[in-house]
Amino acid sequence: MANVVVVGAQWGDEGKGKIVDWLSERADIVARFQGGHNAGHTLVVDGTVYKLHALPSGVVRGGKLSVIGNGVVLDPWHLLSEIATLRDQGVEITPDTLMIAENTPLILPFHGALDRAREAASQAGTKIGTTGRGIGPAYEDKVGRRAVRVGDLADRDVLAARIDRALVHHDALQRGLGMGPVDRDALIADLLAIATDVLPFAGPVWKRMDDARRAGRRILFEGAQGALLDIDFGTYPFVTSSNVIAGQAATGVGLGPGAIDFVLGIVKAYTTRVGEGPFPTELLDEDGQRLGERGHEFGTTTGRKRRCGWFDAALVRQTVATSGMTGIALTKLDVLDGFARLKLCVGYDLDGTRLDHLPTAAEAQARCVPVYEEMEGWSDSTEGARSWNDLPGAAVKYVRRVEELVRCPVALLSTSPEREDTILVTDPFED
Ligand code: GDP
Ligand code: IMO
Ligand code: MG
């Protein structure tokens with residue numbers, strides 16, 4: 001019996017949703033522990049495509065409990081519309097299958113407005129390229145001790161007091177940005193109007209998780225974003241506003257660190273990034289374009305074109321360390337089919353000095369020139385491969401070299417968007 005944390009090992013969009021969906025067959029509970037609807041996770045099950053943002057990818061499987069933990073920031077209007085969309089696709093979501101921590105901070109409309117206004121006012125070079133969904137401002141309010149939390153929706157007077165506390169800050173800010181004060185009464189009325197739809201899902205998640213653990217239930221923690229977007233260990237300030245790394249899984253639902261047995265890092269066989277910020281192996285040539293086209297690299301949440309580049313082993317070695325990864329799931333190997341030669345970044349040259357990791361300051365990161373190792377590509381298809389024997393020799397060599405360079409073994413290999421096109425090497429739940 002083991003509990004498994006799934007985290008992105010790069011800048012997000014590594015294929016976490018597909019792997020979480022695949023692993024959730026083996027789990028009793030699937031829990032989100034950070035981030036919000038900035039995430040976009042795509043699952044393909046027998047040709048049907050599901051796009052999830054706030055809900056854990058386990059919801060599409062029946063008979064599991066999905067959990068949204070306190071580490072998440074939640075837009076309640078978005079939540080209800082995502083539930084409605086999935087219900088239209090035939091997915092059953094009830095208070096028996098979904099539980100939301102009552103201490104989860106809410107994303108309110110002025111958070112999104114502030115996020116977008118700041119981005120619009122930023123000069124070139126300082127824009128972060130956020131998803132515009134209010135994630136940063138909502139987390140600021142959480143640590144600023146002025147958040148409205150899910151449980152506050154239960155009482156009109158409590159809710160009004162929380163809103164008033166938040167607006168002392170936000171009205172001043174909005175005025176400064178020329179946006180005028182928030183319509184307090186309308187906001188309270190709007191929240192009360194949806195409270196009856198949201199509250200049946202709310203409860204003490206920490207308690208439910210504790211009970212589950214004591215009863216030997218298997219918990220799958222679903223990370224959003226990627227370790228390079230982590231607020232502490234990512235490419236700051238071009239990051240998201242939460243801790244993304246595996247250590248957050250326990251805090252984000254209210255369990256102790258001993259609850260985590262296996263950390264599975266999801267690693268794309270090349271590198272992508274959406275939004276601004278340093279990206280040493282970015283390719284602005286035909287190879288980059290080819291990766292984007294073959295990999296369909298468009299953001300699930302914003303539709304933006306993802307920047308593409310060669311595999312950066314130095315970066316993944318770093319995230320293997322900061323998340324304490326036990327194994328990796330290597331995804332999108334099929335996208336590399338047909339490249340005559342492949343490059344892997346093994347370190348950087350910074351102003352004439354060789355580095356084996358990315359320096360901390362964004363300015364230094366931007367000056368890092370990747371040091372590459374080259375490997376032969378393969379012309380045969382790996383798409384849809386379901387066994388190690390289906391892979392060309394050069395593809396196996398590439399996978400082995402990735403394992404060596406990042407210092408972590410491959411536990412799973414993914415060869416197409418479809419759930420079943422997955423090769424299991426080590427079962428994280430049985431390890
Ligand atoms: P996430 O944010 O980490 O869950 O990843 P996204 O869903 O945003 O992006 C990953 C994309 O790659 C999705 O469209 C998946 O359907 C797709 N995908 C996942 N694994 C594979 C794979 O092994 N091969 C290919 N070709 N596509 C994959
Ligand atoms: P999933 O879970 C890729 C990026 C944004 C921006 C930065 C900050 O699908 O992997 P934010 O709105 O969070 O304040 O934006 O983080 N970003 C993601 N990039 N995948 C994601 O999620 C992301 N979530 C946020 O593009 O650069
Ligand atoms: Mg995504």
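As the structure lists them, so they are numbered: ligands from 1, and atoms in each ligand from 1.
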Go through ligand 1 atom by atom and flag the ones less than 4.0 Å from a non-hydrogen atom of Asp13. 1 (P), 2 (O), 3 (O), 5 (O), 8 (O), 9 (O), 10 (C)
Would the distance check show the side chain of Thr272 and the main-chain N or O of Cys308 forming a donor-acceptor pair, the cut-off being under 3.5 Å? no
Less than 4.0 Å from some atom of ligand 2, heavy atoms are found in residues Trp11, Gly12, Asp13, Lys16, Asn38, Ala39, Gly40, His41, Ile128, Gly129, Thr130, Thr131, Ala224, Gln225, Leu229, Val239, Thr240, Val274, Gly275, Arg304
Sub-3.5 Å donor-acceptor pair from the side chain of Arg317 to the main-chain atoms of Asp356, do we have one? yes
CD1 of Ile245 to CE of Met325: how many Å apart, nearest 0.5 Å? 9.5 Å
What atoms in ligand 1 come closer than 4.0 Å to a heavy atom of Thr415? 23 (O), 24 (N)
Check ion pair Glu222-Arg32 (N to O, under 4.0 angstrom): no
Would you call Asp427-Arg26 a salt bridge at under 4.0 Å N-O? yes
Quick one: do Arg401 and Glu373 make a salt bridge, cutoff under 4.0 Å? yes
With a heavy-atom distance limit of 4.0 Å, tell me whether Ser416 approaches ligand 1 through its side chain, its backbone, both, or neither. backbone
Who's closest to atom 9 (O) of ligand 1 heavy-atom-wise, of Arg306, Lys332, Lys18? Arg306
Should Glu119 and Lys127 count as an ion pair when the cut-off is N to O under 4.0 Å? no
side-chain hydrogen bond (donor to acceptor under 3.5 Å, both in side chains) involving Thr131 - partner list, sequence neighbours excluded: none
So if I apply the ring pair (Phe, Tyr, Trp, His ring centres under 6.0 Å) rule between Phe339 and each of Trp310, Tyr270, Trp378, which one comes out positive? Trp310
salt_bridge(Glu297, Lys268) N-O dist < 4.0 Å: yes
I'd like to check which ligand 1 atoms, numbered from 1 as shown, lie under 4.0 Å from a non-hydrogen atom of Gly17. 4 (O)
Under 4.0 Å, heavy-atom basis, I'd like to know which part of Arg419 is in contact with ligand 1: side chain, backbone, both or neither. neither
Taking only Lys NZ, Arg NE, NH1 and NH2, and the carboxylate oxygens of Asp or Glu, determine whether Asp13 and Arg306 approach each other closer than 4.0 Å. yes
State plainly whether the residues Arg218 and Glu430 are in salt-bridge range, i.e. N to O under 4.0 Å. yes
Charged N to carboxylate O below 4.0 Å: is that the case for Arg400 and Glu403? yes
Considering non-hydrogen atoms of the protein only, which is the closest contact for atom 16 (O) of ligand 1, and what is the distance? Pro417 CB, 3.4 Å
Considering only the protein, which heavy-atom contact is closest to atom 2 (O) of ligand 1, and what is its distance? Gly40 O, 2.8 Å
Backbone, side chain, both or neither: what part of Asp334 comes under 4.0 angstrom of ligand 1, heavy atoms only? side chain
By side-chain hydrogen bond (donor to acceptor under 3.5 Å, both in side chains), which residues pair with Thr302, not counting sequence neighbours? Arg304
Taking only heavy atoms of Ser414 into account, list the atoms of ligand 1 that are under 4.0 Å away from them. 20 (N), 21 (C), 22 (C), 23 (O)
Under 4.0 Å, heavy-atom basis, I'd like to know which part of Thr42 is in contact with ligand 1: side chain, backbone, both or neither. both
SB check Arg419 Asp21 (cutoff 4.0 Å): yes
Mode of Leu333 contact toward ligand 1 - side chain, backbone, both, neither (heavy atoms, under 4.0 Å): neither
Is there side-chain contact between Val274 and Phe298, with at least one heavy-atom pair below 4.5 Å? no
Looking at ligand 1, does any of its N/O atoms fall within less than 3.5 Å of an N/O of Val44? no
Sub-2.8 Å protein N, O or S atoms surrounding the Mg ion (ligand 3): Asp13 OD1, Gly40 O
Enumerated ligand 1 atoms positioned under 4.0 Å from heavy atoms of His41: 1 (P), 2 (O), 4 (O), 7 (O)
